[in-house]
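The structure under discussion appears below in the form of structure tokens.
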2 protein chains.
Amino acid sequence: MARTDSLHVADRLHSAAIRLLRAVRVADAETGVTAPKLSALSVLVFAGPMSLTALARNEQVTAATMSKLVADLEVEGLASKRADPADKRGVRVEATAKGRAILDAGRKRRLALLQAKLSQLPREQRALLADAAELMLELAKS
Amino acid sequence: MARTDSLHVADRLHSAAIRLLRAVRVADAETGVTAPKLSALSVLVFAGPMSLTALARNEQVTAATMSKLVADLEVEGLASKRADPADKRGVRVEATAKGRAILDAGRKRRLALLQAKLSQLPREQRALLADAAELMLELAKS
DNA sequence: TTAGTTAGTTAGTCAAACTAATTATATGGA
DNA sequence: TCCATATAATTAGTTTGACTAACTAACTAA
């Protein structure tokens, strides 16, 4: 199985993604905000307010799943919803000031483990991972 | 934020891992074997029989979690357990022939989405992802 | 020998995902 | 215009995979 064989690469990437997430999951307990919620919040902060459906599509989950995630974020005061004036069925979800603040702290705490390891790598390897991450994000699109 | 800044790279890798796994998750339903089980099975096939504790460590989950995963695999006929002759507390978990067969079919089906996209990339980019995957697996090790 | 450790299991809880069903609103065609 | 269909969001119920805590059994060392 050649190193660049598609199935092999797919397999290793798959394993790598699973293990990487497991490795950083230990930071979840401290933050009080779980990975899926932080990820959704991150989209709201960086891409701006959007409908629940758009957010669900962006995060690649069903509307039902996102509805619950957003409800939780709302209870925690990290996001808010308001009626879409142009479509009474719709809501606009946006991050609150608290949400923005928590995002940064949360991200940092969550990623500290990863970052600590990354910072020990030579710059070229970090650059390689940065390029790979962008490629992976492309691959994950639809 | 420089492209090779550790926090930035950590953030993008984190997002990439989340979205990549969500993207391939749609294949779960077809295979009948979920990602964590397939991942554990994969370890058993490629690294050989091992104790439950060793498997849990390898997969970075608690022994309790692995105990349940292995129990499920056993019910599905994909793995088997037998007493460790040298330590009556221990068990040796190993993949069955059916497990090996399922692994390959399952992996292929699960990874088909990824692989289809990967095969369209130029070889250099696949090589980059292959290198990145190995780095990520290293990073994930405690 | 007995105290402490290790291997594994079981019970109970939780988050996050899904599907199916429900409600409300929009919209396009006869 | 009005009805059928489509879309937005929610709710209910289920499943999976993760955890901790508590337990039994077996090993090990002081």
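In what follows, every chain begins at residue 1, and chains take the letters A, B, ... in the order their sequences are listed.
Note that the CE atom of B:Met136 and the CD1 atom of A:Ile18 stand 11.0 Å from one another [nearest 0.5 Å]. Here the straight-line distance linking atom CG of A:Leu129 with atom CG of B:Asp131 works out to 9.5 Å at 0.5 Å rounding. Interatomic distance, CG of A:Leu38 versus CG of A:Leu78, reported as 9.0 Å (0.5 Å rounding). From B:His14, atom NE2 reaches atom CZ of B:Arg12 across 12.5 Å, with rounding to the nearest 0.5 Å.
The nearest heavy atom of DNA chain D to B:Asp72 and to B:Ala64 marks one nucleotide each, and the one closer to the 5' end goes with B:Asp72.
No contact: A:Ala71 has no heavy atom under 4.0 Å from any strand. Nucleic acid contact class of A:Thr62 (heavy atoms, under 4.0 Å, all strands): base.
Under the Watson-Crick and G-U wobble criteria, each requiring two contacts below 3.5 Å, nucleotide D:dA30 is paired to C:dT1. Nucleotide D:dG13 forms a Watson-Crick or G-U wobble pair with C:dC18, both donor-acceptor distances falling under 3.5 Å.
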* Asked: Please walk me through it: do B:Arg82 and B:Glu94 pass salt bridge (charged side-chain N to carboxylate O under 4.0 Å, His left out)?
  -> CA-CA 9 Å; B:Arg82 52 180 171 171; B:Glu94 63 184 323; 3.3 Å; yes

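Using modelled atom types, one finds a donor on one side chain and an acceptor on the other under 3.5 Å when comparing A:Thr62 with A:Thr65.
The closest side-chain heavy-atom distance from A:Glu59 to A:Met66 is below 4.5 Å.
Rounded to an integer number of Å, the gap from CG of B:Leu69 to C1' of D:dC19 is 13 Å. Spacing between atom NZ of B:Lys68 and atom C1' of D:dT20 amounts to 17 Å, rounded to whole angstrom units.
Near DNA chain D, defined here as any heavy-atom distance below 4.0 Å, the residues from residues 74-89 of chain A are A:Lys81, A:Arg89, listed numerically.
Panel note: side chain A:Arg92, backbone A:Lys81; no donor-acceptor pair is recorded below 3.5 Å.
A close approach under 4.0 Å does occur between a side-chain nitrogen or oxygen of B:Thr65 and OP1 or OP2 of D:dC19.
If you walk DNA chain C from 5' to 3' and mark each nucleotide with an atom closer than 4.0 Å to a heavy atom of chain B, the marks span C:dT6 to C:dC18.
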Would you be so kind as to tabulate the donor-acceptor pairs closer than 3.5 Å made by side chains of residues 68-77 of chain B, with sequence neighbours excluded?
unit_1, atom_1, unit_2, atom_2, d
B:Lys68, NZ, B:Asp72, OD1, 3.0
B:Lys68, NZ, B:Asp72, OD2, 3.2
B:Asp72, OD2, B:Lys37, NZ, 3.2

